[in-house]
Amino acid sequence: MGSRIVATGRAVPLTALTNKDLERYMDTSDQWIRSRTGIGSRYAMRQGESLADIATDAGRTALERAGVKPGDLDAIIVGTVSSEYAFPSLACQIQSGLSISSIPAFDVAAACSGFVYALQIADAQMRAGDFKRVLVVGADALSTMVDWTDRRTAVLFGDGAGACVMVTEPGNRGVLSSLLRSGGEYWNLLSVRSTGTRSTIDSEVRRCADDAIQMKGPELFKIAVRSMEEISRLVAERAGVKLEEIDLFVPHQANMRIISAVAERLGLPPEKVFTNIERYGNTSAASVPIALDEALEQGRIHDGDIVMLNACGGGLTWGANLIRW
Ligand code: UT7
């Protein structure tokens with residue numbers, strides 16, 4: 001018995017900030033941001049908005065499309081590093097938003113790889129017979145964690161949530177294989193040393209530099225390319241799938257240049273690679289499920305297609321899921 005994604009959903013904050021908007025906050029330019037990252041705009045939470053509400057919306061959409069009632073879920077697993085509080089978890093807040101109780105709901109903290117990690121955990125527990133229907137969410141609000149005077153990081157991140165409903169199913173469709181990796185020795189390449197999402201772009205009290213995202217971008221860039229390529233090869237080999245059999249590659253949207261470099265190394269032509277970084281920026285754990293939801297909406301995925309999800313982020317963490325749709 002395997003597990004299959006039967007529906008997806010996504011939700012974002014109300015406000016989109018373009019690169020031009022950011023030129024008012026710091027010494028940057030639309031030209032630099034587009035050419036170095038591929039980003040044109042991103043959604044950012046404002047005061048009064050809640051990531052728990054946004055993530056609950058994404059989950060509700062996925063459940064409605066799947067025709068699964070919230071009360072029929074067996075678990076909620078959320079990839080996030082942006083829970084509003086140290087605890088409760090974002091998963092428990094989503095559970096409350098969906099008005100359901102008595103099922104396990106928990107967060108997985110793997111930064112940008114959070115959704116890929118959560119999907120692997122859901123699949124493993126479903127194969128073990130623990131759960132039949134699971135809501136898997138990736139949600140983050142890293143715009144609330146940047147130092148808005150640091151142009152090296154503030155332009156990169158956006159907020160949002162993506163979700164999918166997974167059900168157990170016999171047959172050869174669904175998750176074929178997943179692989180997760182971490183490299184704790186690289187922890188200080190990307191870190192945020194205080195929790196919470198209360199500090200938005202319009203709040204009076206902002207994070208100081210020490211509490212904001214700290215990133216060694218160029219070093220991280222090289223490791224991201226290397227690890228995303230390597231994990232792709234390993235997960236495909238494990239599933240007995242050739243790289244040329246992949247119909248759609250759905251990578252974490254951190255930087256267009258990272259995505260292009262990984263795709264080139266894997267021999268994947270641009271039409272087999274899904275990107276939406278131009279409109280979302282780097283939404284951390286939300287990036288893969290938002291991309292997956294848009295790919296489905298745009299008719300880029302058909303029954304029987306081989307789809308690879310792939311991410312790398314703070315931890316460092318990286319991982320991939322190979323799926324037959
Ligand atoms: O989601 C987790 C995974 N994330 C990643 O893997 C991110 C990986 N890293 C990257 O994507 C890239 O390293 C960045 C996009 C973060 C930076 O791009 P880069 O080409 O590596 O630029 P850099 O940091 O080497 O900076 C080059 C120059 C610097 O100027 P100087 O010192 O050479 O005069 C920066 O100050 O570009 C400058 N710069 C900017 N200029 C205008 C950096 N950020 C900006 C900016 N606007 N926003």
Side-chain angles (χ1 to χ4, degrees), residues 17-42 44 79-82 109-117 138-143 145-160 162 180-183 186-192 201 209 212-232 250-263 265 275-278 280-291 309-320:
L17 290 172
T18 65
N19 295 342
K20 283 268 171 228
D21 293 329
L22 295 189
E23 288 177 7
R24 285 190 274 126
Y25 291 83
M26 66 202 90
D27 179 19
T28 189
S29 67
D30 179 55
Q31 195 276 333
W32 191 96
I33 302 171
R34 280 186 191 276
S35 63
R36 303 309 292 165
T37 71
I39 300 168
S41 67
R42 74 287 290 143
T80 188
V81 286
S82 313
C112 303
S113 312
F115 181 79
V116 167
Y117 265 61
D140 265 317
L142 298 199
S143 90
M145 301 180 196
V146 296
D147 168 0
W148 285 102
T149 63
D150 178 11
R151 67 179 185 175
R152 288 174 185 259
T153 51
V155 304
L156 304 174
F157 298 99
D159 309 334
L180 308 179
R181 294 281 186 272
S182 302
Y186 300 120
W187 73 269
N188 67 349
L189 293 189
L190 182 56
S191 62
V192 180
I201 188 170
I213 288 181
Q214 296 173 32
M215 183 166 87
K216 296 179 181 162
E219 279 171 83
L220 184 55
F221 189 104
K222 287 181 208 141
I223 298 173
V225 172
R226 211 169 52 227
S227 56
M228 289 171 81
E229 180 201 353
E230 191 181 278
I231 203 84
S232 301
V250 184
H252 171 48
Q253 312 279 312
N255 187 320
M256 195 59 209
R257 290 185 296 131
I258 294 177
I259 297 173
S260 303
V262 173
R265 285 169 177 224
T275 61
N276 61 5
I277 188 170
E278 202 274 332
Y280 291 94
N282 180 347
T283 56
S284 187
S287 117
V288 168
I290 288 177
L309 312 183
N310 195 315
C312 173
L316 294 183
T317 56
W318 59 98

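As the structure lists them, so they are numbered: ligands from 1, and atoms in each ligand from 1.
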Between the side chain of [X] and the main-chain N/O of [Y], is any donor-acceptor distance below 3.5 Å?
{"X": "Thr317", "Y": "Ala110", "result": "yes"}
{"X": "Asn310", "Y": "Pro251", "result": "no"}
{"X": "Gln253", "Y": "Ser287", "result": "no"}
{"X": "Asp30", "Y": "Asn19", "result": "no"}
{"X": "Thr80", "Y": "Ser82", "result": "yes"}
{"X": "Thr283", "Y": "Gly160", "result": "no"}
{"X": "Ser113", "Y": "Val116", "result": "no"}
{"X": "Asn282", "Y": "Leu156", "result": "no"}

[X] neighbourhood, listing ligand 1 atoms whose heavy-atom distance to it stays under 4.0 Å:
{"X": "Ile258", "value": "5 (C), 6 (O), 8 (C)"}
{"X": "Thr37", "value": "15 (C)"}
{"X": "Gly217", "value": "8 (C), 9 (N), 13 (O)"}
{"X": "Cys312", "value": "2 (C), 3 (C)"}
{"X": "Cys112", "value": "1 (O), 2 (C)"}

How about [X] and [Y]: do any of their side-chain heavy atoms sit closer than 4.5 Å?
{"X": "Leu17", "Y": "Leu22", "value": "yes"}
{"X": "Met26", "Y": "Val155", "value": "yes"}
{"X": "Asn188", "Y": "Lys216", "value": "yes"}
{"X": "Ser143", "Y": "Trp148", "value": "yes"}

For [X], which part has a heavy atom under 4.0 Å from ligand 1: side chain, backbone, both, or neither?
{"X": "Leu190", "result": "side chain"}
{"X": "Trp32", "result": "side chain"}
{"X": "Val155", "result": "side chain"}
{"X": "Pro218", "result": "both"}

Exercise. Considering distance alone, does some N or O of Arg36 sit under 3.5 Å from an N or O of ligand 1?
Worked result: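 Among all N and O atoms of Arg36, at least one is under 3.5 Å from an N or O of ligand 1.
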For this session: Report yes if some N/O of Ala254 lies less than 3.5 Å from some N/O of ligand 1; otherwise report no.
Result: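 In this structure, Ala254 places no N or O atom under 3.5 Å from an N or O of ligand 1.
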Just need the protein heavy atom nearest to [atom], so name the residue and atom and give the distance.
{"atom": "atom 1 (O) of ligand 1", "value": "Asn282 ND2, 2.7 Å"}
{"atom": "atom 34 (O) of ligand 1", "value": "Arg151 NH2, 4.9 Å"}
{"atom": "atom 4 (N) of ligand 1", "value": "Leu220 CD2, 3.6 Å"}
{"atom": "atom 19 (P) of ligand 1", "value": "Arg257 NH2, 3.8 Å"}
{"atom": "atom 35 (C) of ligand 1", "value": "Arg152 NH2, 3.7 Å"}
{"atom": "atom 14 (C) of ligand 1", "value": "Asn255 ND2, 4.3 Å"}

Can you check whether a protein heavy atom sits less than 4.0 angstrom from [atom]?
{"atom": "atom 41 (N) of ligand 1", "value": "yes"}
{"atom": "atom 48 (N) of ligand 1", "value": "yes"}
{"atom": "atom 31 (P) of ligand 1", "value": "no"}

For this session: Take every heavy atom of Met215, measure it against each atom of ligand 1, and state whether any distance is under 4.0 Å.
Result: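 True for this residue.
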For this session: Check Arg257 against Arg36 and note the closest heavy-atom contact, atom names and distance.
Result: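 It is NE-O, 2.8 Å.
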